[in-house]
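Down below is the structure, laid out as structure tokens.
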Amino acid sequence: MIKIAMLGSGFIGRFYADSLQGYRSRDKIVSIYSRREESARKFAEDYGVAHWTTEMEEAIARPEVDIVCISLPNNLHEAAVMLCCKHKKAVMTTKPLGRNATEAKRMLEAVEAAGIFNGYLEDLVYTPKFLKAMGSVQSGALGRILWAKSRETHPGPHSDWFWDLEQAGGGCILDLGCHCVEIARSYIGKDIKPVEVMCWADTQVKPIEAEDHAIGLVKYENGAIGQFEVSWTFRGGLDLRDEVMGTEGTIWINNFLRTGMEMFTTGKGADYVAEKAESNTGWLFPVGDELNELGYNHMFMDMFDALEAGRAPKETFYDGYVVNAVLDAAYRSAKSKLWEPVQLEVWRGQEGLSKPSQYTEWDADHYLVKEEMTHYGARKLILKHKVSGEFLQKVLD
């Protein structure tokens, strides 16, 4: 059994608790810290937690604690991580790692200097559909990945601190773009360096200082493109979609808004439907197993299996740092209206890659442009002459 100190008793802390104490059925939250006494007491009562406190260090330092789970506002991540380093406690934290890459780098360097286990809780790279798609990508079913797009949009976050620029560090780019960047980065290859970002962002609807809608492109050193679409202004629920395109295939994923289950109700007896659903009447799209569909179960299984085996999990603070660096470039681009470089002071992947050749040889004189079967049964080739550059078509029997 792994014993956990939970920091934060709000929306995400409760999602985490449901999975932590449910999926493996042998792990236990033994201490809960919350900034408000009533919240700490209620969480302890609901989840059978023996110890509660409004002092963060008290929760972390307890001798029975094996690992600390941070589910706090973004501006409190660094302080919590530093206390984990002080007390040599394994730590895992919700996304984003920091409000910016500078904070993230300090946390990365601290946990590595302390020699403690560190996990980055990026749940959307643990969803069942993502894991299945990723297996296909890794097996070569899509060939060389050219483009990976991830979209997360909804009507806005649940807690007040998200809307405060100082506490959150940003708007929907930081809140949702961290998911999307890591999803695309995973498909393209986490050892492929992101080099520059072009981003549009605006505050279209909400009375806030931060952006509530953004679209960005992330260029990778091997020529691949990642794309993110994020919004706190989307009406209709939580929309999670990914698209991956390679030289040999394509994958489309709809993770949440279209779940394969549809229900109509007048509202009589209706209650909770799914995260960020805006209505409980009319046509609804319930989620069968929300914890699993959002990746929490597989995420914590990876974290705890890695902790017990003495290895790093799939997502570490290093990944969180890289994501923060990409998002910093997105914010700079949104202001400058230019491609902005990704400033990575720590890079542990491949170096000096170039865009692979797009030329496929057909014969000694020609490159293959396209091959197709026509509706009238003929196999047709489009070829390009290597010397003259002339295009021609050839019909095969």
Side-chain angles (χ1 to χ4, degrees), residues 93-98 100-101 104-105 108 118-127 129-138 142-152 170 172-199 214-230 240-246 250-251 253 255 295 298-299 302 312-331 333 339-351 353 355-356:
T93 185
T94 191
K95 58 78 193 173
L97 179 56
N100 50 60
K105 182 171 178 280
L108 170 63
N118 57 95
Y120 178 53
L121 299 180
E122 176 43 79
D123 59 291
L124 294 187
V125 297
Y126 289 97
T127 69
K129 290 174 184 175
F130 175 88
L131 294 175
K132 182 72 171 180
M134 194 67 208
S136 297
V137 168
Q138 291 173 332
L142 270 64
R144 176 166 55 91
I145 301 303
L146 307 172
W147 172 63
K149 169 186 169 183
S150 183
R151 168 187 171 93
E152 180 170 4
C172 62
I173 291 177
L174 191 60
D175 178 38
L176 308 181
C178 59
H179 288 304
C180 299
V181 166
E182 188 65 351
I183 288 168
R185 178 173 169 252
S186 297
Y187 284 129
I188 290 167
K190 293 205 293 184
D191 62 337
I192 308 299
K193 193 173 186 177
V195 292
E196 54 183 350
V197 179
M198 171 66 79
C199 181
I215 300 169
L217 296 174
V218 182
K219 189 183 298 181
Y220 286 78
E221 196 174 42
N222 68 345
I225 287 288
Q227 180 177 340
F228 63 82
E229 299 177 359
V230 293
L240 300 175
R241 282 182 277 167
D242 302 334
E243 298 181 39
V244 192
M245 182 181 75
T250 302
I251 294 175
I253 296 177
N255 278 299
H298 290 287
M299 177 177 71
D302 176 46
K314 186 172 76 171
E315 294 287 318
T316 68
F317 276 26
Y318 172 71
D319 296 297
Y321 162 71
V322 174
V323 169
N324 267 128
V326 171
L327 297 180
D328 281 0
Y331 278 112
S333 176
W339 284 95
E340 290 286 346
V342 178
Q343 297 171 357
L344 281 168
E345 296 178 20
V346 182
W347 174 246
R348 297 169 181 172
Q350 299 184 65
E351 295 275 9
L353 296 181
K355 181 181 175 181

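Only heavy atoms go into these numbers, but all of them, side chains included; no hydrogens, no water, no symmetry mates.
- To the nearest 0.5 Å, atom OG1 of residue Thr127 and atom NE2 of residue His298 are 8.5 Å apart.
- The shortest side-chain heavy-atom distance between His179 and Phe228 does not fall under the 4.5 Å cut-off.
- In this structure, Ile188 CD1 and Arg144 CZ are separated by 11.5 Å, a value rounded to the nearest 0.5 Å.
- Side-chain contact check for Phe130 versus Leu124: every heavy-atom pair is 4.5 Å or farther apart.
- Between Asp319 and Lys314 there is no salt bridge, since no side-chain nitrogen of the basic residue lies less than 4.0 Å from a carboxylate oxygen of the acidic one.
- One finds the CD1 atom of Ile183 at 8.5 Å from the CD1 atom of Ile253 (value rounded to the nearest 0.5 Å).
- Side chain of Ser186 to backbone of Glu182: a donor-acceptor contact under 3.5 angstrom is found.
- Annotation: side chain of Leu97 is not in contact with side chain of Val323 (no heavy-atom distance under 4.5 Å).
- The distance from atom OG of Ser150 to atom CG of Leu176, rounded to the nearest 0.5 Å, is 9.5 Å.
- No donor-acceptor distance shorter than 3.5 angstrom exists from the side chain of Glu221 to the backbone of Lys193, with no hydrogens or angles considered.
- The closest donor-acceptor contact from the side chain of Tyr187 to the backbone of Ala133 lies at 3.5 Å or more, if one exists at all.
- With contacts defined as side-chain heavy-atom distances shorter than 4.5 Å, the pair Asn118/Tyr318 does not qualify.
- Between Glu196 and Trp339, the shortest heavy-atom contact is OE1-CB, 3.5 Å.
- By the 4.5 Å heavy-atom criterion applied to side chains, Lys149 and Arg241 are not counted as neighbours.
- Counting only heavy atoms from C-beta outward, the side chains of Leu121 and Glu315 never approach each other to under 4.5 Å.
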message: side chain to side chain contact (heavy atoms under 4.5 Å, CB included), that's the test. Do Lys355 and Asn222 meet it? Break it down for me.
response: CA-CA 5 Å; Lys355 181 181 175 181; Asn222 68 345; over 6 Å; no
message: Walk me through whether Asn100 and Leu327 qualify under side chain to side chain contact (heavy atoms under 4.5 Å, CB included).
response: CA-CA 8 Å; Asn100 50 60; Leu327 297 180; over 6 Å; no
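- Classification of Glu122 and Lys95 as a salt-bridged pair fails, no side-chain N sitting under 4.0 Å from a carboxylate O.
- Contact between Ile173 and Ala214 at its shortest, heavy atoms only, is CG1-CB, 3.4 Å.
- Smallest separation of non-hydrogen atoms from Cys199 and Ala330: CB-O, 3.4 Å.
- Side-chain atoms of Tyr321 never come within 3.5 Å of backbone atoms of Leu108 as a donor-acceptor pair (strictly under, hydrogens ignored).
- Summarising the geometry of Val218 relative to Pro194, their closest heavy-atom pair is CG1-CB, 4.0 Å, with the distance given to 0.1 Å.
- With rounding to the nearest 0.5 Å, the separation of OH in Tyr126 from CE in Met299 is 7.5 Å.
- Listed here is the closest heavy atom pair of Thr316 and Pro313: CG2-O, 3.5 Å.
- For the pair Asp242 and Ile251, the minimum side-chain heavy-atom distance is 4.5 Å or more.
- The CE atom of Met245 sits 6.5 Å away from the OG1 atom of Thr250 when rounded to the nearest 0.5 Å.
- More than 12 heavy atoms of other residues, nucleotides or ligands sit less than 6.0 Å from atom CD of Glu351.
- Annotation: side chain of Glu243 is in contact with side chain of Trp147 (closest heavy-atom distance under 4.5 Å).
- A donor-acceptor distance shorter than 3.5 angstrom exists from the side chain of Asn324 to the backbone of Gly98, with no hydrogens or angles considered.
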